[in-house]
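Notes for the one structure printed next.
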Amino acid sequence: MSRNDVAREVERQLEVMAEGAEQLVGADELRPRLEAALREDRPLRVKLGMDPSAPDLHLGHTLVLQKLKRFQDLGHLPIFLVGDFTARIGDPSGKKKTRPALDAETVRANAETYVDQVGKVLDVSRAELRFNSEWMDPMGAADVVRLCQRATVAQLLAREDFSQRYRAEEPIGVHELLYPLVQAYDSVALHADVELGGTDQTFNLLMGREIQRQYDQPPQAIVTHPLLVGTDGREKMSKSLDNGIGITEAPEEIYGKVMRISDELMLRWFDRLGFGEWGDLAPARDAVAGGAGDPLALKHDMARRVVARFHGNEAGEAAAAHFRRVVQRKELPEEIPEVRLEGESEGLGLLAIIARAGMAKSNSEARRLVAQRAVKLDGQAVNDPGTSLPRGGPYLLQVGKRRVAQVWID
RNA sequence: GGAGAGGUACCGAAGCGGUCAAACGGGGCAGACUGUAAAUCUGCUGGCUCAUGCCUUCGGAGGUUCGAAUCCUCCCCUCUCCA
């Protein structure tokens, strides 16, 4: 690459790095390093921390992963940092119940699950997986004190949730103040060039820059991404609020969940999720935003692409077909699961069948569903909860719109 | 160490001796409607082959009472204020 080519490439990459991001801090310090890396044909080291206690990734997490993939596509090296040391002490900010300290084995298992899930978004074979116990465990008390010298209480209290709690006279454990420091030191140990995270991580990421300077390293650039609003359109997406779309969910599930967000939320998601990839849909998006256009078509496109991100294009198409068929045309799905139940001498009562087939939690619930005319047998609504079926089959059983099975009674 | 508040169904929250399987809201499920699995409206939302029936449930264990989520005793847990 000529000098000019390199310069151009540096600017191009910086642009990519900023796509869809809330903030890119430290571009100026990164520029010469990126330039050198390109010249010497070596990757930048791009850190992403993971919480080893919550390995269930959802669509919100994928914003950052999507960006990490972009880095990888640019030839850089993703480093997943598992905060296993940190996890063993206990969770800081989450003022919930003291999470039980995780043992090494659980952390390993969680990390594996995490990598599995991340593998749906980017190529994990071209990435590093590290655990911060690697350098934290060998540290002595003196080392820890030395690390603490690198920051002041005032600096730490500047963090929003700390200052808030301080003002509110809520307790702040001393060890909690250590968290940002440890996380920052991880960047030192990893020689991180860039660290990614959600906007909620801004403070910790910035602390990494401070501490790296203290250890005579050039400060990492940080790229923060906005948090994604959940399917409820109100709160940020999180597992505990059950308003998320899990990365490992079935394609039809993901598709359906995207389809049922409000049109207004759809636009916000588009802007968050689409960076760098959905440019071709931008006109359609703008049309919808302007009150014209076809919201349903756009939503279909988005749903298909979200599914494709995790499960591939084919699954995206299949999920789209499934939705059109089952939800829009109210037809039976192409594949109906088969259920075999053990019958009694007389056969089996309908309520028991529904419950045992896992289509209701209990006989009582099945009874209520029948009363609500939600149960169909071979296409006919059932009115009598006392219905009983002789052995044999297959019986086509539908409970509500989304539960269908072919039942055999043996 | 001292003072106080509280633990109720999936969540929040009423109830404070019988009419309580427990108001109300959220969530969930179902039905209608719909471009949509959205919005809206309506119903349901402990278990039991279903019953003016039985069983389990209001932090835990005992007790008072014909009868307790409600009163008493002890215990466990959470929170707030003061030191």
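Residue numbering restarts at 1 for every chain, and letters A, B, ... go by the order of the sequence lines.
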Original post:
Does A/D263 make a side-chain donor-acceptor contact with the base of B/G35, cut-off 3.5 Å?
Top reply: yes
Subject >> Whole-Å distance separating the CZ atom of A/R402 from the P atom of B/A30 >> reply: 8 Å
Original post:
Between A/L265 (CG) and B/A39 (P), how many Å, whole number?
Top reply: 11 Å
Subject >> N-O pairing of A/D186 and A/R130 below 4.0 Å >> reply: no
Original post:
Closer to the 5' end of RNA chain B via nearest nucleotide, is it A/A355 or A/H300?
Top reply: A/H300
Subject >> Nearest-angstrom distance, C1' atom, B/C76 to B/G60 >> reply: 7 Å
Original post:
Is the shortest distance from a Lys or Arg side-chain nitrogen in A/D28 or A/R31 to a carboxylate oxygen in the other one below 4.0 Å?
Top reply: yes
Subject >> Nearest-angstrom distance from the residue atom CD of A/Q372 to C1' of B/C29 >> reply: 7 Å
Original post:
If you look at every strand shown and take non-hydrogen atoms under 4.0 Å, does A/K299 touch a base, only sugar-phosphate, or nothing?
Top reply: base
**OP:** For A/K401 and B/U36, give me the distance from atom NZ to atom C1', rounded to whole Å.
**Re:** 11 Å
**OP:** Look through every strand shown and name the nucleotide pairing with B/U52 as Watson-Crick or G-U wobble, where both distances are under 3.5 Å.
**Re:** none
Original post:
Among the nucleotides B/U49, B/A38, B/C33, which one has an atom lying closest to any side-chain atom of A/N363?
Top reply: B/U49
Original post:
Among B/G31, B/G35, B/A37, which nucleotide sits nearest the side chain of A/A374?
Top reply: B/G31
Subject >> Atom C1', compared across B/U19 and B/C10: separation rounded to whole Å >> reply: 28 Å
**OP:** Round to the nearest Å and state the distance from A/Y255 atom OH to B/A38 atom P.
**Re:** 16 Å
Subject >> A/R368 side chain near B/G47 phosphate (N/O to OP1/OP2, under 4.0 Å) >> reply: yes
Original post:
On the ring face of A/F131, is A/R108 found with NZ or CZ under 6.0 Å from the centre and within 45° of the axis?
Top reply: yes
**OP:** Tell me the partner of B/A3, counting only Watson-Crick (N1-N3 plus N6-O4 or O6-N4) or G-U wobble (N1-O2 and O6-N3) with both under 3.5 Å; none if nothing fits.
**Re:** B/U80
Original post:
If we take the P atom in both B/G28 and B/C11, what is their distance in whole Å?
Top reply: 15 Å
**OP:** Specify the separation, in whole Å, of atom CG of A/N243 and atom P of B/G28.
**Re:** 10 Å
Original post:
When rounded to the nearest Å, what value does the distance between C1' atoms of B/A14 and B/A22 take?
Top reply: 10 Å
**OP:** Counting heavy atoms from C-beta on, name the nucleotide in B/C50, B/G35, B/A37 closest to the side chain of A/L296.
**Re:** B/G35
Original post:
Applying a 3.5 Å limit to both distances, which nucleotide forms a Watson-Crick or G-U wobble pair with B/G12?
Top reply: B/C24
Original post:
Applying a 3.5 Å limit to both distances, which nucleotide forms a Watson-Crick or G-U wobble pair with B/C41?
Top reply: B/G31
Original post:
If you look at every strand shown and take non-hydrogen atoms under 4.0 Å, does A/R403 touch a base, only sugar-phosphate, or nothing?
Top reply: sugar-phosphate
**OP:** Using the P atom on both, measure B/C54 against B/G17 and round to a whole Å.
**Re:** 25 Å
Original post:
Under 4.5 Å between any side-chain heavy atoms of A/K67 and A/F71, yes or no?
Top reply: yes
Subject >> Touch class at under 4.0 angstrom, heavy-atom based, for A/K361 against every strand present >> reply: nothing
Subject >> Of A/A297 and A/R373, the one whose closest RNA chain B nucleotide lies more 5' >> reply: A/R373
Original post:
What does A/G349 touch in the nucleic acid at a heavy-atom separation under 4.0 angstrom: a base, only the sugar-phosphate, or nothing?
Top reply: nothing
Subject >> Contact summary for A/D378 and A/P394, nearest pair of heavy atoms >> reply: OD1-O, 4.4 Å
Original post:
If we only count heavy atoms from C-beta on, is the A/M17 to A/L44 side-chain gap below 4.5 Å?
Top reply: yes
Original post:
Rounding to a whole Å, what distance do you find between A/I353:CD1 and B/U49:C1'?
Top reply: 12 Å
**OP:** Counting Watson-Crick and G-U wobble pairs only, both distances under 3.5 Å, name the nucleotide matched with B/U73, or none.
**Re:** B/A61
**OP:** Mind calculating the distance between NZ (A/K330) and P (B/G35) to the nearest angstrom?
**Re:** 10 Å
**OP:** Answer yes or no: is there an ion pair linking A/E253 with A/R402, defined by an N-O contact shorter than 4.0 Å?
**Re:** yes
Original post:
For atom C1', what is the distance between B/U40 and B/U34, given to the nearest Å?
Top reply: 10 Å
Subject >> Nucleotide forming a Watson-Crick or wobble pair with B/G18, both distances under 3.5 Å >> reply: B/C66
Original post:
Taking only N and O in the side chain of A/S362, is any of them less than 4.0 Å away from OP1 or OP2 of B/C48?
Top reply: yes
Original post:
When rounded to the nearest Å, what value does the distance between C1' atoms of B/G47 and B/A9 take?
Top reply: 13 Å
**OP:** Please measure how far the P atom in B/A3 lies from the corresponding atom in B/G12, and state the result in whole Å.
**Re:** 30 Å
Original post:
If only side-chain N and O atoms of A/R367 are considered, is one of them under 4.0 Å from the OP1 or OP2 phosphate oxygen of B/G47?
Top reply: no
**OP:** May I ask you to decide whether A/E277 forms a salt bridge with A/K69, counting only side-chain N to carboxylate O separations under 4.0 Å?
**Re:** no
